[in-house]
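Reading through the structure tokens given below for one structure.
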Amino acid sequence: MSGKISNNIITVRQGDSFALNLQICNEQGSVDLSDSELIMQVRNHNDALMFEICGTIVDSQNGKYAIILTPQQTNIAVGQYKCDIQLTTSDGSVNTVFPADINKIGVFSVTEQVTR
């Protein structure tokens, strides 16, 4: 699985699979994700939705989740897109967990592939 995440950028090669394995923490430690939902959206610069995917909770007590991107999702034009990941908790509150910096827009960067 190829790709990387750093700061506010997720980078993946066009047409590749990529597993984003993440953990949500706050000042008190890991956030309990029981009865929560995680959604990632990727949009172009005209705000057209490229794809949306739900995260899978791996360890709810320790705030661990995964987002598994398929080749179909990453097989979009090479370039940079806007993205974020939002957490909706059991009490209905919504929090953007990626990017962590509230002053930044998340970037989903697709790099060129050679093998087709």
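- Put simply, CG on Asn95 and CG on Leu87 are 6.0 Å apart, with the number rounded to the nearest 0.5 Å.
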Starting from the C-alpha separation in whole Å, work towards a yes-or-no answer on ring-ring contact (aromatic ring centres under 6.0 Å, His included) for Phe51 and Phe108. CA-CA 11 Å; Phe51 67 86; Phe108 187 81; 5.6 Å; yes

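- Smallest separation of non-hydrogen atoms from Ala66 and Asn21: CB-OD1, 3.5 Å.
- Across all their heavy atoms, Ser36 and Thr89 have their closest contact at OG-CA, 3.7 Å.
- At a threshold of 4.5 Å between non-hydrogen side-chain atoms, the residues Leu49 and Gln41 count as touching.
- Here OG of Ser60 is found 8.5 Å from CG of Asp35. Values are rounded to the nearest 0.5 Å.
- Taking every heavy atom of both residues into account, Ser34 and Gln61 meet most closely at OG-NE2, 3.4 Å.
- A continuous path of Ile, Leu, Val, Met, Phe, Trp and Tyr side chains, each step under 4.5 Å between heavy atoms, connects Ile76 with Leu69, placing both in one hydrophobic cluster.
- Note on Leu22: it clusters hydrophobically with Met40, by side-chain heavy-atom contacts below 4.5 Å among ILVMFWY residues.
- Across every non-hydrogen atom of Tyr81 and Asn44, the tightest pair is CD2-CA, 3.8 Å.
- Ser109 OG to Lys4 NZ: the interatomic distance, rounded to the nearest 0.5 Å, is 9.0 Å.
- Ile85 is not listed as a side-chain neighbour of Thr96, based on a closest heavy-atom distance of 4.5 Å or more.
- When all heavy atoms of Glu112 and Arg13 are compared, the closest pair comes out as O-NH1, 3.1 Å.
- The two residues Ser30 and Gly63 have their closest heavy-atom pair at CB-N, 4.2 Å.
- Rounding to the nearest 0.5 Å places CD1 of Ile24 at 4.5 Å from OH of Tyr65.
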Dump the intermediate steps for side chain to side chain contact (heavy atoms under 4.5 Å, CB included) on Asn75 and Gln113, then the final yes or no. CA-CA 9 Å; Asn75 195 22; Gln113 69 175 325; 3.9 Å; yes

Report the C-alpha distance between Ile10 and Phe98 in whole Å, list the side-chain angles of each, state the deciding distance to 0.1 Å, and finish with yes or no for side chain to side chain contact (heavy atoms under 4.5 Å, CB included). CA-CA 10 Å; Ile10 297 169; Phe98 177 85; 3.7 Å; yes

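- Side-chain atoms of His45 do not come within 3.5 Å of backbone N or O of Lys82 as any donor-acceptor pair.
- Asn26 places a side-chain N or O within donor-acceptor distance of the main-chain N or O of Gln28, the cut-off being under 3.5 Å.
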I would like to know whether Ile39 and Glu52 meet side chain to side chain contact (heavy atoms under 4.5 Å, CB included); could you show each step before the answer? CA-CA 7 Å; Ile39 297 176; Glu52 176 178 286; 3.5 Å; yes

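- Both Ile57 and Ile53 sit in one connected hydrophobic cluster of ILVMFWY residues. Membership requires side-chain heavy atoms under 4.5 Å apart, directly or through other members.
- Atom CG of Asn62 has more than 12 heavy atoms from other residues, nucleotides or ligands within 6.0 Å.
- The hydrophobic cluster containing Val110 also contains Met50, counting ILVMFWY residues as joined when their side-chain heavy atoms lie under 4.5 angstrom apart, directly or transitively.
- Interatomic distance, Asp84 CG to Arg43 CZ, rounded to the nearest 0.5 Å: 9.0 Å.
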For side chain to side chain contact (heavy atoms under 4.5 Å, CB included), just list the numbers for Asn8 and Asp101, CA-CA rounded to whole Å, side-chain angles, deciding distance to a tenth of an Å, and then say yes or no. CA-CA 8 Å; Asn8 65 318; Asp101 185 339; 5.9 Å; no

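- To the nearest 0.5 Å, atom CD1 of residue Ile68 and atom CD of residue Gln73 are 10.0 Å apart.
- For the residue pair Thr111/Gln14, the side-chain donor-acceptor check at 3.5 Å is not satisfied.
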